[in-house]
Protein chains: 2
Amino acid sequence: MEKQTITIYDVAREANVSMATVSRVVNGNPNVKPVTRKKVLEVIDRLDYRPNAVARGLASKKTTTVGVIVPDVTNVYFSSLARGIDDIATMYKYNIILANSDQNNQKEVQVLNTLLAKQVDGIIYMGYTISDEMRAEFSRAKTPVVLAGSVDTDEQVGNVNINYEEATNEVIQYFIKKGHQKIAFISGPQSEPINGIYRLNGYKKALKDAGISFDSGLVFETDYSYQSGEKLWGELASAGVTAAFVGDDELAVGVKNGAIDHQVNIPEDFEIISSNNSKLTEMARPKLSSITQPLYDIGAVSMRLLTKLMNKEEVEEKTVILPHSIAYRGTTKD
Amino acid sequence: MEKQTITIYDVAREANVSMATVSRVVNGNPNVKPVTRKKVLEVIDRLDYRPNAVARGLASKKTTTVGVIVPDVTNVYFSSLARGIDDIATMYKYNIILANSDQNNQKEVQVLNTLLAKQVDGIIYMGYTISDEMRAEFSRAKTPVVLAGSVDTDEQVGNVNINYEEATNEVIQYFIKKGHQKIAFISGPQSEPINGIYRLNGYKKALKDAGISFDSGLVFETDYSYQSGEKLWGELASAGVTAAFVGDDELAVGVKNGAIDHQVNIPEDFEIISSNNSKLTEMARPKLSSITQPLYDIGAVSMRLLTKLMNKEEVEEKTVILPHSIAYRGTTKD
DNA sequence: CTGTTAGCGCATTCAC
DNA sequence: GTGAATGCGCTAACAG
């Protein structure tokens with residue numbers, strides 16, 4: 001009934017060798033006489049034999065697949081990282097199990113468990129925060145983990161990021177130099193270290209260095225959605241801000257549109273600098289000025305780091321910081 | 001050295017039952033005395049036992065994972081579909097192996113093979129075209145396949161789409177009713193049935209019904225990139241078009257921006273209707289009028305259909321057409 | 001260089 | 001209801 005799958009055993013029989021030999025040629029083991037190899041390959045081709053990766057995984061305890069946990073692939077920031085991850089994964093013969101977590105703690109833990117049950121060789125985690133539960137699971141698991149575009153205050157696992165504090169600091173310095181006094185800090189949840197610690201510190205530091213006192217009324221906490229940004233103009237206007245740093249591109253486009261929809265001239269009356277330099281920044285009008293993060297590279301480097309970890313290679317530094325800069329486009333003057 | 005993994009056997013021993021019984025409770029088999037079940041569950045919990053999905057896969061010949069082939073997750077159209085797929089997959093206890101193909105034939109075949117090697121229970125394919133090679137592989141494999149947002153002229157596998165021809169036809173009719181005579185048809189490769197056959201037919205039909213002769217000079221074939229759209233205005237202007245149907249949102253945003261960058265007034269002098277209704281349409285200014293496709297649902301329904309196929313349930317119709325409509329926003333007058 | 005022998009961890013008859 | 005025995009398809013020593 002079922003289409004009978006042909007196994008390594010069939011190949012062995014047809015080629016008059018042992019299954020061990022077939023296994024060797026399949027795995028590129030050099031200890032096979034060329035003639036034998038050729039014969040086996042011929043049979044493999046003729047029978048259209050395809051090694052069963054599941055059986056292989058059971059026997060070798062390696063599945064050549066890694067788990068990727070992401071809040072939402074639909075967000076360009078994450079899909080860009082994911083793309084970098086997949087490309088490098090493919091390069092190293094790995095596959096990716098992609099799972100959306102919605103930043104939901106329960107879902108994350110759930111996903112992590114099924115990923116571990118599936119014996120993934122490694123895990124790449126994306127998400128702005130790491131709950132205590134997840135951290136516990138990570139350290140308990142023997143499976144290597146790398147955080148991509150996500151920091152953890154206690155850095156036990158690998159992680160790849162840019163220097164958020166410095167980048168934000170530069171943005172604010174730039175705004176101050178342009179004469180702005182009321183600069184909004186718009187970000188996702190402050191509970192996330194990237195926002196509540198690194199970026200905010202960069203923001204505060206720049207203000208302090210310029211002798212401007214910090215005003216918590218200029219800190220706007222939202223979720224990361226476009227809609228939240230779009231609705232923000234009212235508050236921004238009341239606060240009298242003339243410039244804004246925004247921690248996410250979709251959010252930034254929302255902020256920009258919200259302002260434009262209220263007849264605000266950008267960048268004349270309101271300047272914006274965003275954070276992710278995703279392709280959205282180029283698609284907006286005016287184009288969004290933004291911190292340039294190498295999104296694809298963060299993903300790629302994360303995956304590369306993970307391969308080393310999975311391979312138990314020595315890794316000098318589990319924390320890698322990629323370079324950033326700032327691209328001045330249409331939402332900033334000059 | 002290696003953290004010893006605890007197996008079903010350990011649980012059996014600790015609970016003083018056979019591994020068969022443990023297997024039963026793990027799989028929810030009712031033939032277990034409540035007391036026994038409780039005892040086993042207690043041990044499972046105490047030992048923190050987690051069934052090895054790989055071993056399970058080998059023994060049961062089911063991996064509860066499906067392969068998803070996508071041109072590029074970075075494109076919102078596809079990531080939206082992917083999101084729908086993943087959600088329903090999760091609901092049915094499946095995981096997703098996501099692989100980017102770049103619409104590259106060789107890569108696709110390659111990916112398909114490793115997916116099959118990994119014994120995925122089913123495959124969801126996205127991509128505007130299906131090469132003969134892929135079609136051959138599909139029909140050869142006993143693994144169920146569903147095309148999401150992709151049509152195949154010979155409909156052997158499952159597929160979920162909207163009626164592209166009709167949708168396009170409505171768009172063009174609308175334009176004609178508004179008095180437009182030179183309406184551009186901008187799409188990705190014409191070699192792809194969705195563009196070259198369905199959409200183009202809808203376009204031609206509307207023209208014909210209105211007594212306007214078809215002018216191939218108004219058909220613009222590009223790739224799907226934003227950049228291509230942005231650069232297109234020159235040609236569009238020379239052709240004297242006053243309205244355009246565009247087959248992809250990123251492309252449409254490009255077309256719009258290209259025009260705006262040339263001081264064209266939209267929608268006064270140039271109207272645009274796009275095709276995917278992704279969140280990009282809301283993020284653009286003016287907002288993009290667009291055919292509304294239920295992207296998430298196409299993914300979700302595809303996955304649902306796949307579960308039925310994998311489950312060998314009777315499926316009345318392997319081809320499902322989801323409803324569409326048109327959302328008139330800022331790039332159309334009135 | 002090649003064959004034999006054991007498992008990997010679990011699902012699944014088939015008895016009891 | 002429960003246990004013992006097989007085997008899924010392949011890798012990995014270990015001989016030879």
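Residue numbering restarts at 1 for every chain, and letters A, B, ... go by the order of the sequence lines.
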Are Asn27(A) and Ser23(A) close enough that a side-chain donor and a side-chain acceptor fall under 3.5 Å? yes
Per the salt bridge (Lys or Arg N to Asp or Glu O under 4.0 Å) rule, what does the pair list look like for residues 104-117 of chain B, sequence neighbours excluded? Asp102(B)-Lys107(B)
Residues pairing under salt bridge (Lys or Arg N to Asp or Glu O under 4.0 Å) where one sits in residues 113-125 of chain B, two or more places apart or in two chains, turn out to be none
Chain B contact limits on DNA chain D, taken 5' to 3' with a cut-off of 4.0 angstrom to heavy atoms: dG1(D) to dG9(D)
Which atom of Val73(B) lies closest to which atom of Ser79(B), heavy atoms considered: O-CB, 3.3 Å
Once you build an axis from the first five pairs and another from the last five of the helix from dC1(C)-dG16(D) to dC16(C)-dG1(D), how far apart in angle are they, to 10 degrees? 30°
For Asp297(A), enumerate each residue passing the salt bridge (charged side-chain N to carboxylate O under 4.0 Å, His left out) test, keeping only those at least two apart in sequence or located in another chain. none
Between the protein and nucleotides 12-16 of chain C, are there any N/O to N/O pairs under 3.5 Å, and if so, what are the atom names and distances?
none

Write down the distance between CG (Asn52(B)) and C1' (dG9(C)), rounded to a whole number of angstrom. 6 Å
Enumerate the residues from residues 7-17 of chain B whose closest heavy atom to DNA chain C is under 4.0 Å, giving them by residue number; use none for an empty result. Thr7(B), Ile8(B)
Sequence neighbours excluded, the answer for salt bridge (charged side-chain N to carboxylate O under 4.0 Å, His left out) partners of Asp132(B) is Arg135(B)
Determine yes or no for a side-chain-to-main-chain donor-acceptor pair under 3.5 angstrom, with Ser139(A) supplying the side chain and Ala136(A) the backbone. yes
Quick one: salt bridge (Lys or Arg N to Asp or Glu O under 4.0 Å) pairs with a partner in residues 56-67 of chain A, sequence neighbours left out? none
Output the residues of residues 28-43 of chain B in contact with DNA chain C, where contact means a heavy atom of the residue under 4.0 Å from an atom of the strand; sort by number or write none. none
So, the side chain of Ser150(A) versus the backbone of Ala148(A): is there a donor-acceptor pair under 3.5 Å, distance only? yes
Has Thr129(A) got a side-chain atom pairing as donor or acceptor with Ser131(A)'s backbone, closer than 3.5 angstrom? no
Side chain of Gln293(A), backbone of Leu295(A): donor and acceptor closer than 3.5 Å? no
Start with the C-alpha distance between Phe78(B) and Tyr128(B), add both sets of side-chain angles, then the distance that settles ring-ring contact (aromatic ring centres under 6.0 Å, His included), and finish with yes or no. CA-CA 11 Å; Phe78(B) 293 118; Tyr128(B) 313 95; 5.4 Å; yes
Partners of Glu42(A) by salt bridge (charged side-chain N to carboxylate O under 4.0 Å, His left out), sequence neighbours excluded? Arg46(A)
For Leu58(A), all residues meeting side-chain contact (heavy atoms from CB on, under 4.5 Å), sequence neighbours excluded: Val54(B), Ala55(B), Leu58(B)
Side chains of Tyr224(B) and Glu192(B): donor-acceptor distance under 3.5 Å anywhere? yes
